[in-house]
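Working notes, beginning with the structure itself.
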Amino acid sequence: MDIGSELYRKTLLTISGNSLVEKLTLKYGGKLAAKFIASQELDGALQVIGDLNRKGIMVTLDHLGEGIRALSEASGYREEYIRLVRGIEQAGVNSNVSLKPTQMGLALDPEACYANIRAVVREAAASGNFVRIDMEDSPYTQATIDMVKRLHGEGLTNVGTVIQAYLRRTQADVRDLIQSGVNLRLVKGAYKEPAEVAYQKKSEVIDNFKAIIRMHLDQGVYTAIASHDDTIIRWVREYASANRIGQDKFEFQMLYGLRMNEQARLASEGYRVRCYVPYGKMWYPYYTRRLAEKPANLMMVLQNMFR
């Protein structure tokens, strides 16, 4: 990443970790966070999904929460996810599911976490749905990959994960997971990581991102490309066209509240587009990562605040 954008990102992530900042944001920032959060309740999120589907946009639905302090919280998240999976089926909407391993207890008890996630994946399998296990910061990378491969080993192949281009280990992980038949979402990465595990220059991250996209497309592996970067989106379109790769072989993924017109435009052109739709009351960590991605997101929130 370039020096200016990286300094901005690190500074905002550091400030957001301050307990007073968090307290004030939670007290006064709910309406502003609604830009990126579909609803605090499942019913509201399902309505948003229906609206997006009518524009030709698929969805992955996420119930916000991470870094729990007690396993009893994980049980609550597991039950909400089972309710969420059933809600998707009952509403008849086109949506799969995303969840974070730390909200299921990964940092507290890996085996309990596995059991919680397996219960959600099995529920999704019963209705023909798919679960994406999100990738969090680097201390959890290997454990998350191991969990997905273990689920596949049990025959639960309706589960995939996320690979982050800014990690130095990523290309080796992609080769391994393609061999294992694991469906991947490819992203740049949004956490604050040290130089020994992650590329710090924007050019290096972009080069690695393109490399892992090519690894998928060239092998005919279905590719989920999560990016709001026009340069990446244009490059994928040109690469697919030049190599006669059909639009059904990949999808673009973007976040709810960002570039919604562009999502609709790509869908209208026949591209597969999936919107990452979060809901719930534990929105603060997700919200601050969105603001940290680029100054324009923060400026948009500040403009709305002063209105």
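At distances below 3.5 Å, at least one donor-acceptor pair connects side-chain atoms of N208 with backbone N or O atoms of A165. The closest donor-acceptor contact from the side chain of Q200 to the backbone of A198 lies under 3.5 Å. In this structure, the side chain of N129 engages the main chain of S95 through a donor-acceptor pair within 3.5 Å. Checked by atom type and distance alone, the side chain of Q263 pairs as donor or acceptor with a backbone atom of L255 at under 3.5 Å. Formation of a donor-acceptor pair under 3.5 Å by the N116 side chain with backbone atoms of A112 is found in this model. Of the possible donor and acceptor atoms, one in the side chain of N53 sits under 3.5 Å from a partner among the backbone N and O of N94. In terms of modelled atom types and a separation under 3.5 Å, the side chain of E136 and the main chain of T102 share a donor-acceptor contact. Counting only distance, with no hydrogens or angles, the side chain of H152 and the backbone of G160 share no donor-acceptor pair below 3.5 Å.
Between K149 and D146 there is no salt bridge, since no side-chain N of the basic residue sits under 4.0 Å from a carboxylate O of the acidic one. Ionic pairing of E269 and R265 is present here: one or more N-O contacts between side-chain nitrogen and carboxylate oxygen are shorter than 4.0 angstrom. In this structure, E238 does not pair ionically with K210, as no charged nitrogen and carboxylate oxygen lie closer than 4.0 Å.
For the atom pair L167 CG and D137 CG, the distance stands at 9.5 Å (nearest 0.5 Å). Interatomic distance, CD1 of I225 versus CG of L217, reported as 5.5 Å (0.5 Å rounding). Separation of atoms CD (E262) and CD1 (I233) is listed at 5.5 Å; rounding is to 0.5 Å. Between the CD1 atom of I163 and the CG atom of L184 there is a distance of 5.5 Å, given to the nearest 0.5 Å. Considering CE of M215 and CD1 of I213, their distance stands at 11.5 Å, rounded to 0.5 Å. Within the model, atoms CD of Q103 and CD1 of I117 stand 8.5 Å from one another, a figure rounded to the nearest 0.5 Å.
Annotation for N261: atom CG does not count as buried by contact number, only 12 or fewer foreign heavy atoms lying within 6.0 Å. Other residues, nucleotides and ligands contribute over 12 non-hydrogen atoms within 6.0 Å of the CD atom of E196.
Residues I245 and H216 have side chains not in contact (no heavy-atom distance under 4.5 Å, counting atoms from C-beta outward). For the pair V48 and V59, the minimum side-chain heavy-atom distance is 4.5 Å or more.
Every residue two or more places apart in sequence or in another chain was checked for a side chain to side chain donor-acceptor pair (under 3.5 Å) with N158, and none qualifies. Under the ring-ring contact (aromatic ring centres under 6.0 Å, His included) criterion, H63 pairs with Y77, Y279, not counting sequence neighbours. Partners of F250 according to the ring-ring contact (aromatic ring centres under 6.0 Å, His included) rule, which considers only residues two or more places apart in sequence or in another chain, are F252. Residues passing the side chain to side chain contact (heavy atoms under 4.5 Å, CB included) test with T231 are D229, R234, sequence neighbours excluded. E89 pairs by the salt bridge (Lys or Arg N to Asp or Glu O under 4.0 Å) definition with nothing, not counting sequence neighbours. With sequence neighbours excluded, the residues forming a side chain to side chain donor-acceptor pair (under 3.5 Å) with S138 are E193, listed by chain and number. Looking at residues two or more places apart in sequence or on another chain, you find a side chain to side chain contact (heavy atoms under 4.5 Å, CB included) between L108 and I68, L71. S98 meets the side chain to side chain donor-acceptor pair (under 3.5 Å) test with T60, R185; sequence neighbours excluded. Listed by chain and residue number, F130, R132, Y222 satisfy the side chain to side chain contact (heavy atoms under 4.5 Å, CB included) test with N183 (two or more places apart in sequence, or in another chain). With sequence neighbours left out, the side chain to side chain contact (heavy atoms under 4.5 Å, CB included) criterion links D218 to R214, Y239. By the salt bridge (Lys or Arg N to Asp or Glu O under 4.0 Å) test, D230 is found to be paired with R259, residues two or more places apart in sequence or in another chain being considered.
Scanning both residues, T144 and D134, for their nearest heavy atoms gives CG2-O, 4.0 Å. Residue P278 comes nearest to Y256 through the heavy atom pair CD-CB, 4.0 Å, listed as atom of the first residue, atom of the second, then distance. Of all heavy-atom pairs spanning G56 and A267, the tightest one is O-CB, 3.7 Å. For S39 against A45, the heavy-atom pair with the smallest separation is CB-N, 3.6 Å. Minimum heavy-atom separation, I57 to A264: CD1-N, 3.9 Å.
Within the structure, the salt bridge (Lys or Arg N to Asp or Glu O under 4.0 Å) test picks out the following pairs touching residues 154-172 (sequence neighbours left out): R118-E154, R169-D173.
Hydrophobic clustering of Ile, Leu, Val, Met, Phe, Trp and Tyr side chains at less than 4.5 Å, counting indirect connections, keeps M58 apart from L61.
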